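For clarity, every value in this text was computed on a predicted model and none was experimentally measured. Scope of the values below: all heavy atoms of this structure, side chains included, with no hydrogens, waters or symmetry mates.
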Amino acid sequence: MNIDQIRQQIKAYGAMIDAPPQMLTVFDQPQGDGTPFVVVEEDGYRYIVEERGMIFEERKTKDVNLLMYWLMNIIIFKMACCYELANRESQRDPRRIIFAKELELFGIINKSWHQLKKSELDEILENNPFDDEAMKRRLMR
């Protein structure tokens, strides 16, 4: 896929989950502010996060499906955070709502992406379990 085809596919995925259009921009060069961008090469794709000339993250793949997952992961995370903010439960770990919304949205787009995200979230929770008590303590201050 070329960059225009990637952009079209991201817009199609975004339409499936009612993503705000401004979240669906796929850049092909650095913006200087940490916004990810994609480089299409003969042998695959590079996903790069760069800020003021410093590369903070770079991933390479030959699998356009994986690239699409990486791009949608950012969009879905932003959407899930906005959803959590609008539906906050002050005595519960906010990740409960964020993670559930991420899984819901990935499930709409692609069942294998849903499973991949679930595995990633399970690993996060294994190392950092939900902590509702911390939220309750914060409210008591």
- Carboxylate-amine/guanidinium contact Lys60 Asp43, below 4.0 Å: no
- Message: For the CD atom on Glu42, are there more than 12 heavy atoms of other groups (residues, nucleotides or ligands in this structure) within a distance under 6.0 Å?
- Response: no
- Query: Are the side chains of Asn65 and Tyr69 in touch, meaning some heavy atoms are under 4.5 Å apart?
  - Reply: no
- Counting only N and O atoms by type, is there a donor-acceptor contact under 3.5 Å from the side chain of Arg95 to the main-chain atoms of Pro129? yes
- Exceeds 12 heavy-atom contacts within 6.0 angstrom, atom CD of Glu123: no
- Task: Drop me the distance from Glu120's CD to Gln115's CD, to the nearest 0.5 angstrom.
- Result: 11.0 Å
- same_hphob_cluster(Ile98, Leu103) at 4.5 Å side-chain heavy-atom cutoff: yes
- Message: Looking at Asp132 and Asp93, would you say the former's side chain and the latter's main chain have a donor-acceptor pair under 3.5 Å?
- Response: yes
- Query: With distance as the sole test, does Gln5 use its side chain to make a donor-acceptor pair with the main-chain N or O of Asn2 at under 3.5 Å?
  - Reply: yes
- Message: Rounded to the nearest 0.5 Å, what separates atom CZ in Arg92 from atom CD1 in Ile97?
- Response: 6.5 Å
- Between Trp113 and Phe106, how do the two ring planes meet: parallel, tilted or perpendicular, split at 30° and 60°? perpendicular
- Task: Tell me, please, whether Tyr83 has Lys101 positioned over its six-membered ring: NZ or CZ under 6.0 Å from the ring centre and within 45 degrees of its axis?
- Result: yes
- When rounded to the nearest 0.5 angstrom, what is the spacing between NZ in Lys117 and CD1 in Ile109? 12.0 Å
- Message: Does any part of the side chain of Asp122, heavy atoms only, come nearer than 4.5 Å to the side chain of Glu126, both counted from C-beta?
- Response: no
- Please report the closest heavy-atom contact between Met79 and Ile17, naming both atoms and the distance. CE-O, 3.4 Å
- So how far is it from His114 NE2 to Leu105 CG, rounded to the nearest 0.5 Å? 10.0 Å
- Query: Does the side chain of Val38 reach to within under 4.5 Å of the side chain of Ile3, using non-hydrogen atoms?
  - Reply: yes
- Check whether the side chains of Asp33 and Thr35 place a donor and an acceptor atom closer than 3.5 Å, and report yes or no. yes
- Atom of Arg7, atom of Val26 and distance for their closest heavy-atom approach: NE-O, 2.8 Å
- Item | Contact summary for Leu24 and Lys11, nearest pair of heavy atoms | CD1-CA, 4.1 Å
- Query: Of the non-hydrogen atoms in Tyr47 and Pro36, which two are nearest, and what is the gap between them?
  - Reply: OH-CG, 3.5 Å
- Message: For Met72 versus Ile10, what's the shortest heavy-atom pair and its separation?
- Response: SD-CD1, 3.7 Å
- Message: Would a single hydrophobic cluster contain both Phe99 and Leu116, if residues Ile, Leu, Val, Met, Phe, Trp and Tyr are joined by side-chain heavy-atom contacts under 4.5 Å?
- Response: no
- Task: Check whether any side-chain heavy atom of Leu71 sits under 4.5 Å from a side-chain heavy atom of Tyr13, and report yes or no.
- Result: no
- Message: Would Asp28 and Val40 count as a side-chain contact (heavy atoms from CB on, under 4.5 Å) here? Give the steps.
- Response: CA-CA 8 Å; Asp28 60 355; Val40 178; over 6 Å; no
- Is it the case that more than 12 heavy atoms not belonging to Phe77 sit under 6.0 Å from its CZ atom? no
- Message: Minimum heavy-atom separation for Glu102 and Ala80, please, with both atom names.
- Response: CG-CB, 3.7 Å
- Message: Given 3.5 Å as the limit, does a donor-acceptor pair link the side chain of Glu58 with the main chain of Phe56, or not?
- Response: no
- Message: Can a donor-acceptor pair be found, under 3.5 Å and without considering hydrogens, that links the side chain of Tyr45 to the backbone of Met1?
- Response: yes
- Does Met16 share a hydrophobic cluster with Trp70, counting links as ILVMFWY side-chain heavy atoms below 4.5 Å and allowing steps through other members? yes
- Message: Same cluster or not: Phe27 versus Met68, using hydrophobic residues (I, L, V, M, F, W, Y) connected whenever any side-chain heavy atoms lie under 4.5 Å apart?
- Response: no
- Task: Say whether Ile6 and Ile74 are linked into one hydrophobic cluster, either directly or through other cluster members, by side-chain heavy-atom distances under 4.5 angstrom.
- Result: yes
